[in-house]
Each structure stands twice: as structure tokens, then as C-alpha cells.
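Written out below as C-alpha cells is the structure these notes cover.
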Amino acid sequence: MKIVISFIVFILFNFSSKDSDAIIGQWENPDGTRRVEIFKNKDTYLGKIVWLKVKEPKAKPGDIVFKDIQFNDTHWNGKITLPTESRIFDMELRLVSKNELEIKASYKSMSRIKVWKRIY
């Protein structure tokens, strides 16, 4: 019986850890003006700008704009920095499909949802 329980726990742990890595990759915003690479950093995920269509005074490649992202069974929670506004918002990420990432940024009672496309 202990072997069966250990096997079930092992299977569940491996599936959840694989699901948590599903957001790793490069994503492009809906306007096609910015690409962010999401990568794992110890127990959390970060997102850095890797490409900008137009040079921006407050944003440049290498800037970390997604921070403290953690997997929560079905979605990820973290913080997003909008360089153009110099503000930090709460963020919720959900995979709509393998190649679409819904990002919901919230501040107090206001929120905005955008769907980003996977590049790599």
C-alpha cells in the first residue's frame, strides 16, 4: 500500500511541476511591440524584455518587468511593472492555450486583460 501511495504522490508532483513550467518561453504583446521572456529563477518565475519594436525612454531589453511569479494549481500570480507608467501592479497569468497567455493586471478595483502570443 505504501508503494502505491508513494507512486501516486510522485505522479501528482511531477505533473504539477511540469504544468508550472508551461509559461516558460518568449511572449509577444497583442500590439506586437514588445517581447518578454519568462524564465525560472529558483522557486519563482521572472519576465524580462528581450525585444522592443520602438525604442522607449523608460524601457529597454534586459529590464525585468514580471516579478515574483508563482504557480497556484491552475494559474500564476505575480507582479508586473509598466515602465511607461513607473507603476507595479498585481498580475494573474493563465494559459488560454499552449500558445496564448492571458495576463490580467490589477490595481485596487481596476483591471485590464490582454492575451499575449508565444514566440518560442
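No hydrogens, no waters, no symmetry mates; every other heavy atom, side chains included, goes into these values.
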### Query
Atom CG in Leu82, atom CD1 in Ile80: separation rounded to 0.5 Å?
5.0 Å

### Query
Atom CD of Glu102 and atom CG of Leu93: how far apart are they, to the nearest 0.5 Å?
9.0 Å

### Message
Would you say that Ile23 contacts Ile69 through its side chain, given a criterion of any heavy-atom pair below 4.5 Å between the two side chains?
### Response
yes

### Val96 and Leu101, any side-chain heavy atoms less than 4.5 Å apart
no

### Message
Is there a path of hydrophobic side-chain contacts, each under 4.5 Å between heavy atoms, that joins Val65 and Trp27?
### Response
yes

### Task
Among Arg112, Lys79, Lys108, find the residue that satisfies the salt bridge (Lys or Arg N to Asp or Glu O under 4.0 Å) test when tested with Asp90.
Lys79

### Message
Applying salt bridge (charged side-chain N to carboxylate O under 4.0 Å, His left out), can you list everything that pairs with Glu92, at least two apart in sequence or on another chain?
### Response
Arg94

### Query
Rounded to the nearest 0.5 Å, how far apart are CG of Asn77 and NZ of Lys104?
10.5 Å

### Task
Could you tell me how the ring of Phe71 sits relative to the ring of Trp76: parallel (under 30°), tilted (30 to 60°) or perpendicular (over 60°)?
tilted

### Message
Among residues at least two apart in sequence or on other chains, which ones pass ring-ring contact (aromatic ring centres under 6.0 Å, His included) with Phe39?
### Response
none

### Query
Hey, does Lys40 have a side-chain heavy atom less than 4.5 Å from the side chain of Ile24?
yes

### Query
Quick one: are Pro61 and Leu52 in side-chain contact, heavy atoms under 4.5 Å?
yes

#### Entry: Pairs touching residues 55-74 that satisfy side chain to side chain donor-acceptor pair (under 3.5 Å), sequence neighbours left out
Arg34-Glu56, Lys60-Asp63

### Query
Should Leu46 and Phe66 be regarded as members of a common hydrophobic cluster, given that ILVMFWY residues are connected when their side-chain heavy atoms come within less than 4.5 Å of each other, either directly or indirectly?
no

### Task
Let me know which of Ile38, Asn99, Val36 forms a side-chain contact (heavy atoms from CB on, under 4.5 Å) with Trp116.
Val36

### Message
Please determine whether a side-chain nitrogen of the Lys or Arg among Arg35 and Glu28 lies less than 4.0 Å from a carboxylate oxygen of the Asp or Glu.
### Response
yes

### Message
Using the rule that Ile, Leu, Val, Met, Phe, Trp and Tyr join whenever any side-chain heavy atoms are under 4.5 Å apart, tell me whether Phe89 and Met110 fall into a single cluster.
### Response
yes

### Task
Check for a donor-acceptor pair, side chain of Asn41 on one end and backbone N or O of Tyr45 on the other, with a separation under 3.5 Å.
no

